[in-house]
Each structure stands twice: as C-alpha cells, then as structure tokens.
Amino acid sequence: MLALYFFILATIQLGLLFGVNHYYRAHKSIKPSIYWMGSLTSSIFALSIFGVGILLNDRGTENPEFGFTIANTLFFIAAILQGLFCYSLNRTVTKKHQVICIVISLLFFLIFEPMRQFATFEIRTIFICVVLSSLFGWQIYELSFKRKRSPSRQLQYLQYASSAEMIFALGRLFILVSLSFTIKRIDDLPQVLIFFTIMQIVMNTLSYIAIGSYWSEQIAFSSLKSSQENQEIKALLQERETLIGSLLKANKTASTGALSAAIAHELNQPLGASSLNIQFLQKKLSEGQLNPALEKEIFATLLADNQRAAGIIRSLRSIFSDEKVESSKVDLAELIEAVLSIAKPEITAKSIQIVLSVQPHLMIQANRGEIQQVLLNLVNNAIQALVTSSQQVKKLNIDAQHTEGGVLLTVADNGDGIPEASRNQLFELLSSSKSSGMGLGLWLCKHIVTRHGGSIVFEPNPGGGAKFLVRLPVDSEVT
C-alpha cells in the first residue's frame, strides 16, 4: 500500500509535467523555469524509485538497497531546485550558485550512502527531515520576499504548501525522536509516521501545481499586457497617421503659399481680359454695332479666358483636396504638366527655363494627390534655389523615363546647390538647409515615396545645383 501511494503521486506529477511542458511550449514569451521543471522531474524519479524499492525490498529498514540512496538524493535535488526557483523570483541565479548546489548535492550523496549501510532508519530519516526542513524554510523566506514586492495568489498557495511540507517534515522528526522502539522492518512503521510522510509528498505535489498555476498567471498577465500594448500601438499609429495628414496639409499650404502672388497675378490676367471684353461687348450692344463675326470672336475670347482661370483653380483645388490614401493609375507626364501649370507664373516671373524630357505612357499605380505633392515640393525647392542663385541662365530640368520595374523621375536645377554639411540630414524631419525652411517638405517627400514602395535620393548636379532622383514602381500598394 505504501508503494502504491508513491506510484500514484509519481503518476500525478508525471501528468503535471507532460501537461505543463506541452502547454508552455506554445508560449515563447513566458517559459517555465528550468529549476521548477528539473525539480518536478527529479521528484518523479525519486517517487518511482522509492515505490519500486519498497516492493522489492527484502532487507527491512536496515542496510536497504542502493536505490534508496539514489531516491533520497533525487528528493534532495528536487528540493534544492525548487529552492533555486524561489530564489530566481527575487535575484539572478548565477553560475556560482549552480555550482554550489551541485557540490551540495554530491556531498549529500556521499554522506547518505554510508548512512544507508551503517546507520539506523531513525538516524537516516532524522537527517533527511532536518535537511529538507532547512530547504523548505529557504523557500518560504524567498516566497515571502517576492510577495511583498509583487503580490500573487498562486505564490501564496505555494508558500502555504511549502509551509505544510515543513510542518509534516518536522512532525516526522518529532515522531522519530519520541519513539521508544527501533524500526527494523517496514511493517514496524507507525501509521502516524506513514501518514506524515505521505502528506509531506502530497503537499510537495500541491506545491508543483501552485507553481504551474503561477506560470499560467504570468501568461495571463503577459497576454493582457500584450493586448494593451497592441491597443496603444494601434492608437499611436492612428495618431501618427493623423499627424502625417496634418503635416501634408501644412505642406500643401506652404508649397502653394510661396506661389500665391504669382498665381493671383495669373488669375488676374484672364479675369481682367474677361472684364474688358464684357465692357466692349456692352458698348457695342448699346451702339447697335455688334455683328455676328465680332460677337463670335468676343464670346470665343471670353470662353478661352474663363477656361484658363478654371484650369488654374482646378489645379489648386486638386492640391488642397482631402483625398483618401488610395492608389489608382496615374499618368506621370500629365501630373508633371499639372504641377508646372501651378508653378508657371513664378517660373515666368523669375525667368527660369524649363527643360522637359518626359517619355510617353508613364503610367504608375499611386495616390495621385501625394505624388503631386512630391513633384510640387521638388519643383518649388528648385525655384527657390534658382531665385537666390547668381546664375545668369537659370534652368530647371525635369526628366522622367521608364526603368526596369518602374519609372525614374529626376528634378534638377543649376542653382548654388545644398551645403555638404546639410546633406546627411536632408530628409530628416524639422531639418532644413534654408533659413526660412520648416524642415518638412523633403521629409514628407521621402515618407510618401517610401510608402509607395519607391526611393528618393539626392545627388549634386554635375553642372552645379541639386538633383533629386525619385524611383517609383509601376505597380505599388500604398501602405
């Protein structure tokens, strides 16, 4: 019956080991302590060896089989490893600590083996109870220290189980000390001593269950923390997208604001011409001198001026419209023409020559509004660089051509260029080589081009000035 108790408890602990090992292998972030798993494994072997030893023992309690030394040493190792687990909750277990525990385990073996051969059952058991009680006390102390810093219901259960183990071990010690007879056969064991022995092992099994529950608790906390962190990351990403959207709007305002005077002048021309033509038409009507040919000519001129003004307003509206971040087929050549129509008044006013080299059918999958902003930023930067340049002939070169897997857009000017000290931070946020710059435009350019799966780099223009090369894939998904 005593052997059966050992086998039952060994089976329970073996099931716990297999269940926990399978469960925790699926969780890479929270792993069970190697000390706990090692302690549980040692305990299973010790219980099994004890059970087999009791069944096969024919020598009584005096000079039992060598297997009893192995089993008791494994129990001692299990207690040492469980103590290291409790210690690891508060401090780091170093190599030195591990070596000390190995040496102590060897000493235990070397001490117990002669006791198995020459000492009585009472002396051996008293020795075991004293040693294990000391280890249980160590575990209880470490658990109390951990719970003060980080309360845990499962660690509280573990502390209770360890306390019960120590109580039953001390109970065995008291019973053996108070015995008035010598135990020579297993049948001579008092029932109360057997009860305390079995209960000590039961409490040991409950301590392993409590440790398993503790790690389950840690996994639950980790999952909750991970879920909260995911929500925080999601909120930060949404905030980031909102911020970038605000920066895009600010960049639109800054880019078109620099051209506002020239755009106003450009709009004033067709509106002024329309006003003169309307006055002329009213005069002819009042004089009755309007003939069909003159009427047709005046209306054609009014229509052309109206379309010219509408085209300028339409281009500006496309810049300031709030488009969703969706991709569509975009004709890069048409987009370049639209941007130049916006910048044309400033280009004309500053006597800048435009050199275009654009291949036909440059179709890309992109967000039209964002790529238009990239073009407007680069063109606007080139215009500003040329305005302050000392070059007699100011040129703005725009080149677009097919490349392997995409298109290459080049915007270059022959201005004074970008200082070498500023080139490394050229695409960083809030970094600008211009005294009045916001440090926003080129950072947004890189952000937009990158999210389209492309790249943007700066190169010094061989003829002086700056050159920006934008590579965009033909088919891209905006991220």
Item to complete: Tell me, with the steps shown, if Q200 and M166 meet side-chain contact (heavy atoms from CB on, under 4.5 Å).
Response: CA-CA 8 Å; Q200 180 184 331; M166 186 170 69; over 6 Å; no
Discussion item. Applying ring-ring contact (aromatic ring centres under 6.0 Å, His included), can you list everything that pairs with Y160, at least two apart in sequence or on another chain?
Written reply: none
Worksheet, complete the sentence: The reported gap from CG in L47 to CG in L74 (rounded to nearest 0.5 angstrom) is 10.0 Å
Worksheet item: How close do L132 and A79 get, heavy atom to heavy atom, and via which atoms?
Response: CD2-CB, 3.8 Å
Worksheet item: What closest approach, in Å, do A466 and N461 show between heavy atoms, and which atom pair accounts for it?
Response: N-CB, 3.9 Å
Item to complete: Please identify each residue that fulfils side chain to side chain donor-acceptor pair (under 3.5 Å) with Q159, with sequence neighbours left out.
Response: S144, R147
Fill in: Test item: L375 and L409 side chains (from C-beta on) under 4.5 Å apart, heavy atoms
yes
Practice prompt. Sequence neighbours left out, what passes salt bridge (Lys or Arg N to Asp or Glu O under 4.0 Å) with R149? Give chain and number order.
Written response: none
Response to the item:
salt bridge (Lys or Arg N to Asp or Glu O under 4.0 Å) filter on K350, not counting sequence neighbours, yields none
Worksheet entry | Contact summary for I448 and V374, nearest pair of heavy atoms | CG2-CG2, 3.7 Å
Discussion item. Measuring only between side-chain heavy atoms, which start at C-beta, is R471 closer than 4.5 Å to T403?
Written reply: no
Worksheet item: Does the side chain of I34 come within less than 4.5 Å of L81's, by heavy atoms?
Response: no
Worksheet item: Can you tell me how far the CG atom of L408 sits from the CG atom of L362, to the nearest 0.5 Å?
Response: 10.0 Å
Worksheet item: Do P462 and K467 come close enough that some side-chain heavy atom pair is under 4.5 Å?
Response: yes
Worksheet entry | Check: V393 and Q353 side chains under 4.5 Å, non-hydrogen atoms | yes
Worksheet entry | side-chain contact (heavy atoms from CB on, under 4.5 Å) evaluation trace for Q13 with Y208 | CA-CA 8 Å; Q13 292 187 9; Y208 289 127; 4.0 Å; yes
Worksheet item: For E337, does the CD atom have more than 12 heavy-atom neighbours from other residues, nucleotides or ligands under 6.0 Å away?
Response: no
Worksheet, complete the sentence: One should read off an interatomic distance between L89 CG and F145 CZ, to the nearest 0.5 angstrom, of 11.5 Å
Worksheet item: Do the side chain of S43 and the main chain of L40 share a donor and acceptor less than 3.5 angstrom apart?
Response: no
Worksheet entry | For I211, the option from L158, L206, L155, L16 that meets side-chain contact (heavy atoms from CB on, under 4.5 Å) | L158
Discussion item. Please give me the minimum heavy-atom distance between C86 and Q139, naming the atom from each residue.
Written reply: SG-CB, 4.0 Å
Item to complete: Test F109 against F76 for ring-ring contact (aromatic ring centres under 6.0 Å, His included), laying out the working first.
Response: CA-CA 9 Å; F109 175 84; F76 177 78; over 10 Å; no
Worksheet item: V457 pairs by side-chain contact (heavy atoms from CB on, under 4.5 Å) with which of V449, V470, L469?
Response: L469
Worksheet entry | With I354 via side-chain contact (heavy atoms from CB on, under 4.5 Å) - residues at least two apart | L340, I347, L356, L396
Fill in: 4.5 Å side-chain heavy-atom contact, L332 and V358
no
Worksheet item: Just wondering, are more than 12 heavy atoms of other shown residues or ligands nearer than 6.0 Å to NZ in K446?
Response: no
Practice prompt. Mind checking the CD-CD1 spacing from Q82 to I77? Nearest 0.5 Å is all I need.
Written response: 14.0 Å
Discussion item. Could you walk me through whether S455 and T450 satisfy the side-chain contact (heavy atoms from CB on, under 4.5 Å) test, starting with their C-alpha distance in whole Å, then the side-chain angles of each, then the deciding distance to 0.1 Å, before giving a yes or no?
Written reply: CA-CA 6 Å; S455 63; T450 302; over 6 Å; no
Item to complete: Name the orientation class of the two ring planes belonging to F85 and Y214 (parallel below 30°, tilted from 30 to 60°, perpendicular beyond 60°).
Response: perpendicular
Worksheet item: Can you check side-chain hydrogen bond (donor to acceptor under 3.5 Å, both in side chains) on Q98 and Y35, steps first, answer last?
Response: CA-CA 10 Å; Q98 295 173 351; Y35 305 113; 2.9 Å; yes
Discussion item. Measuring from atom OG of S152 to atom OH of Y157, what distance do you get when rounded to the nearest 0.5 angstrom?
Written reply: 9.5 Å
Practice prompt. Could you pull out all residues at least two apart from Q401 that satisfy side chain to side chain donor-acceptor pair (under 3.5 Å)?
Written response: D399
Worksheet item: Just by distance, do the side chain of Q391 and the backbone of G415 share a donor-acceptor pair under 3.5 Å?
Response: no
Practice prompt. Only counting residues at least two apart or in another chain, list the ones meeting side-chain contact (heavy atoms from CB on, under 4.5 Å) with T41.
Written response: L17, F45
Item to complete: Tell me, please, which residues at least two apart from T410 pass side chain to side chain donor-acceptor pair (under 3.5 Å).
Response: none
Practice prompt. Tell me, please, which residues at least two apart from S286 pass side chain to side chain donor-acceptor pair (under 3.5 Å).
Written response: none
Discussion item. Between H452 and P473 (side chain of the first, backbone of the second, donor and acceptor by atom type, cut-off under 3.5 Å), is there such a pair?
Written reply: no
Worksheet item: Between Q154 and S213, what is the shortest heavy-atom contact and its length?
Response: OE1-CB, 2.9 Å
Fill in: I44 side, atom CD1; L9 side, atom CG - distance, nearest 0.5 Å
11.0 Å
Response to the item:
E334 meets the salt bridge (Lys or Arg N to Asp or Glu O under 4.0 Å) criterion, sequence neighbours left out, with R368
Item to complete: Of all the heavy-atom pairs spanning G51 and F7, show the shortest one and how long it is.
Response: C-CZ, 3.4 Å
Worksheet entry | Check: F136 main-chain N/O paired with E165 side-chain donor or acceptor under 3.5 Å | no
Practice prompt. Please list, chain by chain and in numerical order, all residues satisfying side-chain contact (heavy atoms from CB on, under 4.5 Å) with T94, sequence neighbours excluded.
Written response: K96, H97
Worksheet item: Would you find a donor on one side and an acceptor on the other, under 3.5 Å apart, between the side chain of T205 and the backbone of I201?
Response: yes
Practice prompt. Decide yes or no for M203 and S162: does some side-chain heavy atom of the first lie under 4.5 Å from some side-chain heavy atom of the second?
Written response: no
Worksheet item: Hey, does the side chain of S389 reach the backbone of L386 with a donor-acceptor pair shorter than 3.5 angstrom?
Response: no
Worksheet item: Taking C-beta and beyond as the side chain, do Q372 and V339 meet within less than 4.5 Å on heavy atoms?
Response: yes
Worksheet entry | Evaluation steps, side-chain contact (heavy atoms from CB on, under 4.5 Å), between I371 and N367 | CA-CA 6 Å; I371 299 301; N367 179 268; 5.7 Å; no
Worksheet entry | Pair listing, salt bridge (charged side-chain N to carboxylate O under 4.0 Å, His left out) test, anchored in residues 404-417, at least two apart | none
